[in-house]
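Data block below; observations after.
On a predicted model such as this, the values are computed, not experimentally measured, just so you know.
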Number of protein chains: 2
Amino acid sequence: MVNKVWKALDDPTRRRILELLREGPLNAGELGARFNMTGASMSHHLNLLADAELVEREKRGQFVIYELNTTVFQGLMEWMLSLKDKTKGESDESNT
Amino acid sequence: MVNKVWKALDDPTRRRILELLREGPLNAGELGARFNMTGASMSHHLNLLADAELVEREKRGQFVIYELNTTVFQGLMEWMLSLKDKTKGESDESNT
DNA sequence: TTGATGCTTAGAATATTATCTAAATATCTA
DNA sequence: TAGATATTTAGATAATATTCTAAGCATCAA
């Protein structure tokens, strides 16, 4: 649901996480080290990002590796463009 | 600040308001009539949208007319694209 | 000028979210 | 197996956000 994506993106920590993953996959510990926050809190944020499918998680041994998934952005951008162009999108409510 | 834009967009009511304004400007009362919500609550949402510069407001007589402003989307879309393309954006933190 | 209409602001109640500590689970290593 | 490391889950607390009612301000129309 698109709702989850907007929710996930409405937080500076989570947006920063996505920016860090831009350079490549990182595990939960590596990500957590970049923030002034407990691992539990980080895990919470990572859960929201994974729920929104903005990241993929993969367990490798004792580590959990997170990787950016940008395919979800397509829907958001189309929605924004549909507001810009009167011709496109025709008030599609499936994205709200 | 981009923070306000993400915040403003993280709400189904506010996203629906923007969709309604897609067809053209509407006053606060016309917008409010489309939602099951008091005028005070609507006013709150319109304030957040105006703060984020996603809408322009103009007073005409006793009415306050709201109009969509999509220029703000540019920044969000660039940020998303910078996550998609490794080549672009180069971890610019001004958008977080 | 009085009353009605349109909209916003103030303040309170409720719901949601972010964060923490403590504890649990899973994996690795000696 | 025992202990150490990596991560998540549970439960509590504090901060934010949504919504309401009541009251306020501005404008219009009689």
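- Here chain B contacts DNA chain D (any atom closer than 4.0 Å to a heavy atom, that is under 4.0 Å), and the contacts span D/dA17 to D/dC28 from 5' to 3'.
- For residues 48-57 of chain A, the side chain to side chain donor-acceptor pair (under 3.5 Å) pairs, not counting sequence neighbours, are A/Asn47-A/Arg57, A/Arg57-A/Tyr66.
- Under the rule for a side-chain contact (heavy atoms from CB on, under 4.5 Å), the partners of A/His45 that lie at least two apart in sequence or sit in another chain are A/Asp11, A/Thr13, A/Arg14, A/Ile17, A/Met37.
- Atom CD1 of B/Ile65 is separated from atom C1' of C/dG6 by 12 Å (rounded to the nearest Å).
- Here C/dT19 presents its C1' atom at 11 Å from CG of A/Asp11, a figure rounded to the nearest Å.
- Residues passing the side-chain hydrogen bond (donor to acceptor under 3.5 Å, both in side chains) test with A/Glu58: none are found, sequence neighbours excluded.
- Annotation: side-chain contact (heavy atoms from CB on, under 4.5 Å) contacts of A/Glu30 (sequence neighbours excluded): A/Leu26, A/Asn27.
- Near DNA chain C, meaning a heavy atom under 4.0 Å from it, residues 52-59 of chain B has B/Arg57 in order of number.
- A/Arg22 and A/Glu19 are not joined by a salt bridge, as no carboxylate oxygen comes within less than 4.0 angstrom of a charged side-chain nitrogen.
- In terms of the side-chain contact (heavy atoms from CB on, under 4.5 Å) criterion, residue partners of B/Thr38 (sequence neighbours excluded) are, by chain and number, B/Ala40, B/Ser41.
- DNA chain C lies under 4.0 Å from at least one heavy atom of each of the following residues of residues 41-51 of chain A: A/Ser41, A/His44, A/His45, A/Leu48.
- A/Gly39 comes within 4.0 angstrom of a base, heavy atoms only.
- If you check every strand for non-hydrogen atoms under 4.0 Å, A/Tyr66 touches sugar and phosphate atoms only.
- Remark: B/Asn27 is in phosphate contact with C/dC7, judged by side-chain N or O atoms under 4.0 Å from OP1 or OP2.
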For nucleotides 22-24 of chain C, print each protein N/O atom paired with a nucleotide N/O atom at under 3.5 Å, atom names and distance only.
none

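- In this structure, B/Gln62 has no side-chain contact (heavy atoms from CB on, under 4.5 Å) partners at least two apart in sequence or on a different chain.
- Nucleic acid contact for B/Arg60: none, since no nucleic acid atom lies under 4.0 Å from a heavy atom of the residue.
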